[in-house]
Amino acid sequence: MEKFEPKIICFACNWCTSAGADLAGTSRMKYKPNVTIIRIMCSSRVDPQHILWAFIQGADGVIVGGCHPGDCHYINGNYKTARRIPLLRRILENFGIESERLQLEWISASEGVKFVKVINEFTEKIRSLGPLKLPVAETKMKVMNSYGG
Amino acid sequence: MKRIGVFVCHCGTNIAETIDVKKVVNELSNYPWVVYSDDYVYMCSDPGQKLIIESIKKHKLESIVVACCSPTLHETTFRQTVKIAGLNPYQCEIANIREQCSWVHTEKNEATLKAIKIVKSIVEKVLRNESLQPIKVPITKRALVIGGGISGIQAALDIANGGYEVILVEKSPSIGGHMIQLSETFPTLDCSQCILTPKMVEVSKHPNVKLMTYCEIQEVTGYVGNFKVKILKKPRYVDPDKCTLCDECTKVCPIVVPNEFDLGLTGRRAIYIPFPQAIPPSYLIDPEACPGFLPIACGKCADVCEANAIDFDMKPEIIEKEVGAIVIATGFDLYEKKNLTEYSAEKHPDILNSLQFERLLSASGPTLGKILRPSDHKEPKEIVFIQCAGSRDPELHNAYCSKICCMYTAKHAMLYKHHVPDGKAYIFYIDVRSAGKGYEEFVQRAVEEDGVVYLRGKVSKVFQENGKLKVWGVDTLTGKNVEIDADMVVLAMAIRPSKGAEELAKKLKITTDRDGFFSEIHPKLRPVETVTSGIFIAGVAQAPKDIPESVSQAGGAASKVLALFSSKELYHHPIIAEVNDELCSGCKLCISLCPYEARKFDEKKRIVRVEEILCEGCGACIAACPSGVTQQRNFTDQQIYSMIKTLLEENDKNQVSS
């Protein structure tokens with residue numbers, strides 16, 4: 001059987017986590033290519049619907065990365081994220097999605113090492129969880145598509 | 001639909017080594033909307049940029065994606081390039097395939113597949129990008145400097161000399177800060193007052209400087225170039241314009257309270273001048289101490305004041321000012337003695353903090369420069385200096401190093417030896433940190449020329465015994481306990497952010513670090529800028545530092561203000577929130593989420609509006625809008641959804657055809 005390669009989306013804020021990912025690159029650290037990054041200005045831009053949409057579209061895991069508490073470029077955006085993500089994790093189970101498939105991490109611009117560690121550990125965690133099987137994915141996708149997604 | 005061009009950079013071998021650039025180009029050329037794709041060895045070079053410009057013109061491209069390094073490096077470069085070609089800069093987006101792909105992966109096929117996905121997702125984004133114009137913002141070319149110590153004075157003078165108006169606000173009755181309390185300064189032993197008072201006079205007489213002492217910042221609204229500040233002017237009850245400094249009032253005032261300037265080593269009257277060289281040179285009444293507000297009780301000072309300068313009916317005033325930039329130079333306060341119970345610091349009058357010892361050393365101090373014990377006015381023959389009193393102690397006190405104590409303690413011990421040549425000076429230290437021009441030599445001089453005894457170790461306890469201060473310490477170099485019967489103990493107290501710094505940070509909507517000092521944006525490259533553009537920091541408000549460093553940082557902050565003021569108008573980036581007027585239900589959920597107060601409720605239309613120049617573009621409000629009618633320009637939900645979808649498309653769709 002072919003080894004399961006999870007598909008993971010990472011929402012990374014422009015000022016900390018994306019810069020941390022850049023630092024990982026500049027330092028030539030290595031991680032698995034399972035994760036692709038979407039850069040947004042602040043982690044608070046991530047709408048829980050974006051995350052659900054990612055799962056519907058076939059993501060096996062989602063990471064949201066922001067600045068450490070107190071370090072937000074936009075004063076307190078990360079505090080909003082810090083409330084939204086745990087809340088979403090609680091209801092994910094109701095959709096048949098293990099809450100571990102969504103992770104929130106504070107990764108600063110200087111934490112290239114942490115970025116790599118988080119990505120690698122999360123990838124392995126999702127690999128052990130196996131592919132996300134949404135029974136109603138097909139239907140949901142049709143519904144979402146009808147909204148013009 | 002849009003005509004999109006894709007340009008893939010090899011970055012020498014940085015990208016091309018792990019990513020098959022040609023395959024990316026081929027794959028993208030088949031992607032919808034992409035009408036042209038090409039690659040070049042260094043896209044950011046002149047020929048690379050020329051290739052982009054020519055291709056835009058030749059293929060009538062409306063948007064482009066450059067697949068290269070991180071947008072932090074060359075987004076500006078390529079946006080400038082497309083502008084030359086006649087496109088709106090916001091029609092160019094960067095696909096980061098170097099830092100976030102080629103450099104972090106090793107397997108070529110995997111990396112190539114990932115790069116293709118990344119580039120496609122950015123094509124999806126740029127497809128939906130709007131052409132945006134930077135938002136023009138007017139600019140008030142007047143600066144506010146908060147804090148009238150050496151940093152604030154220097155920043156104010158530099159800005160004023162650059163030709164712009166400055167309002168210098170100081171919360172205490174005189175400018176001068178802590179530097180004016182010092183005796184002599186290391187490592188040159190210049191008299192502090194001699195070098196500072198001319199600057200104080202200069203700043204007070206400068207035609208471009210408006211001095212506002214005994215004033216506090218009450219409220220700050222607005223944004224870079226356009227701050228509105230409410231300043232609370234506390235009543236002095238003495239008119240500085242009328243006061244002739246005759247000093248008749250203090251002779252009749254019956255009240256004595258501790259003198260703040262001498263840190264309680266002397267007393268002052270309820271009507272007083274902070275110190276003889278105070279600027280503005282005027283007396284004031286301390287309303288907490290003065291009984292004169294009940295005319296029956298007192299009023300003696302008003303009776304003897306020939307100039308009629310005293311007015312018990314003065315009221316606090318709120319003064320509103322408009323400024324374009326703000327420099328914070330609020331300095332520090334010493335860690336309080338009451339925190340150091342292990343040294344019974346508050347209990348004994350002969351245990352002094354470093355500023356009190358400065359006052360004893362000062363020629364204008366309470367003892368006119370003689371070193372005398374506050375308890376019995378005798379000359380101390382054995383004196384112990386304890387460094388790191390409250391610093392470098394993460395368990396009990398402050399974790400950080402207060403930076404200047406090693407140097408001033410060496411100075412204290414040296415000056416003590418100059419005053420009392422037969423006395424003994426001991427310094428307990430953890431390390432001696434003397435990095436700075438002439439600093440190490442200065443410490444060596446204290447040891448070699450003046451015979452100061454350095455003991456490496458902490459003091460565990462100080463207590464009174466037989467009229468002496470018993471100091472229990474340890475010398476970790478010999479491994480022996482040390483007991484000293486001292487006549488005086490001087491604590492090199494930790495430096496804390498000045499009282500009210502936290503509150504001021506909230507008013508200014510900027511951040512402080514975990515110790516309460518104001519945070520700079522970048523510790524190395526942007527050390528004087530804060531998260532709010534137009535607000536700068538200088539001096540100890542940012543972190544403990546000595547006078548030369550404070551002065552240089554103040555100059556740095558001033559130059560940032562001058563650079564800001566030298567531009568005709570300001571531009572604000574347009575990646576901000578907007579509201580669909582037709583669909584907004586006016587639920588106001590977004591208003592509470594905005595940290596910049598950029599969202600205002602339009603009572604007439606019952607909808608929420610975004611004040612463009614206030615919006616910084618975080619997007620927190622967008623994610624909260626229950627009906628999705630507010631969007632972040634060029635980061636719309638549509639864009640994010642389509643990027644997610646593209647990135648997750650099945651591998652077979654992304655399979656590289658070889």
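These numbers come from the heavy atoms of this one structure, side chains and all, not from hydrogens, waters or symmetry mates. Below, read A as the first sequence line, B as the second, and so on, with proteins coming before strands; counting in each chain starts at 1.
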Counting only heavy atoms not in [X] (residues, nucleotides, ligands), do more than 12 fall under 6.0 Å from its [atom1]?
{"X": "Glu503(B)", "atom1": "CD", "answer": "no"}
{"X": "Glu597(B)", "atom1": "CD", "answer": "no"}
{"X": "Lys114(A)", "atom1": "NZ", "answer": "yes"}

message = For a quick test of reading the model, state the closest non-hydrogen atom pair linking Cys42(A) to Cys618(B) and the distance between them.
response =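 Taking every non-hydrogen atom into account, CB-O, 3.4 Å.
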
key: Pairing residues for His572(B) by the ring-ring contact (aromatic ring centres under 6.0 Å, His included) criterion, not counting sequence neighbours   =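 If we apply the ring-ring contact (aromatic ring centres under 6.0 Å, His included) test to His572(B), skipping adjacent residues, there are no hits.
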
ask   = Going by residue number, which parts of residues 73-88 of chain A are within reach of chain B, meaning a heavy-atom gap below 4.5 Å?
value =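 So far as heavy atoms go, His73(A), Tyr74(A), Ile75(A), Asn76(A), Lys80(A), Arg84(A) are the residues that approach chain B to under 4.5 Å.
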
key: Any residue of residues 15-40 of chain A which, by heavy atoms, sits under 4.5 Å from chain B   =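 Checking residues 15-40 of chain A against chain B gives Ser18(A), Ala21(A), Asp22(A), Ala24(A), Gly25(A), Thr26(A), Arg28(A), Met29(A), Lys30(A), Tyr31(A), Lys32(A), Pro33(A), Val35(A), Thr36(A), Ile37(A), Ile38(A), Arg39(A), Ile40(A).
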
key: Side chain / backbone / both / neither for Ala111(B) at chain A, heavy atoms under 4.5 Å   =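 No part of Ala111(B) comes within 4.5 Å of chain A.
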
key: Side chain / backbone / both / neither for Leu593(B) at chain A, heavy atoms under 4.5 Å   =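 Interface part for Leu593(B): both.
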
Distance in Å, [X] [atom1] paired with [Y] [atom2], rounded so as to fall on 0.5 Å steps:
{"X": "Glu5(A)", "Y": "Glu110(B)", "atom1": "CD", "atom2": "CD", "answer": "6.5 Å"}
{"X": "Met41(A)", "Y": "Glu616(B)", "atom1": "CE", "atom2": "CD", "answer": "9.5 Å"}
{"X": "His50(A)", "Y": "Asp637(B)", "atom1": "NE2", "atom2": "CG", "answer": "3.5 Å"}
{"X": "Ile640(B)", "Y": "Ile9(A)", "atom1": "CD1", "atom2": "CD1", "answer": "11.5 Å"}

ask   = So which residues of residues 513-520 of chain B are in contact with chain A at a heavy-atom cut-off of under 4.5 Å?
value =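 Expected list: none.
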
Region of Phe11(A) in contact with chain B, defined by heavy-atom distances below 4.5 Å =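 The side chain, not the backbone.
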
task = Show the numbers, then the answer: is there a side-chain contact (heavy atoms from CB on, under 4.5 Å) between Tyr641(B) and Gln57(A)?
result = CA-CA 10 Å; Tyr641(B) 284 138; Gln57(A) 289 297 328; over 6 Å; no

